[in-house]
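First comes the structure, then the notes that go with it.
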Amino acid sequence: MGIFTDLNLNGRAPVRVQPKIGEWGPRGVPSTRAKKVQRIIAPIVFVLVLAGLAALFYFFYRILIPQG
């Protein structure tokens with residue numbers, strides 16, 4: 001199984017008893033593949049945004065605190 005939980009909510013249920021998308025829940029539910037991609041992209045985006053903010057704060061710090 002791995003580190004994370006199983007993203008397939010149907011599990012081992014036979015195809016004949018699995019609900020169609022939208023039959024019991026909202027339409028446009030992300031697929032298992034989309035959820036896996038989001039689990040990879042979210043931490044990468046978080047680190048990039050954090051690095052950008054750190055660079056911005058460092059830039060303003062250098063401007064506001066003169067180095068003599």
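We use all heavy atoms of the structure for the numbers below, so side chains are in, but hydrogens, waters and symmetry mates are not.
The line from CD1 of I63 to OH of Y58 is 11.0 Å long, rounded to the nearest 0.5 Å.
At a threshold of 4.5 Å between side-chain heavy atoms, the hydrophobic network of Ile, Leu, Val, Met, Phe, Trp and Tyr places V37 and V45 in one connected group. Hydrophobic clustering of Ile, Leu, Val, Met, Phe, Trp and Tyr side chains at less than 4.5 Å, counting indirect connections, keeps L56 apart from L48.
Closest heavy-atom contact between Q38 and P43: O-CD, 4.4 Å.
Residues T32 and K36 have side chains in contact (heavy-atom distance under 4.5 Å, counting atoms from C-beta outward).
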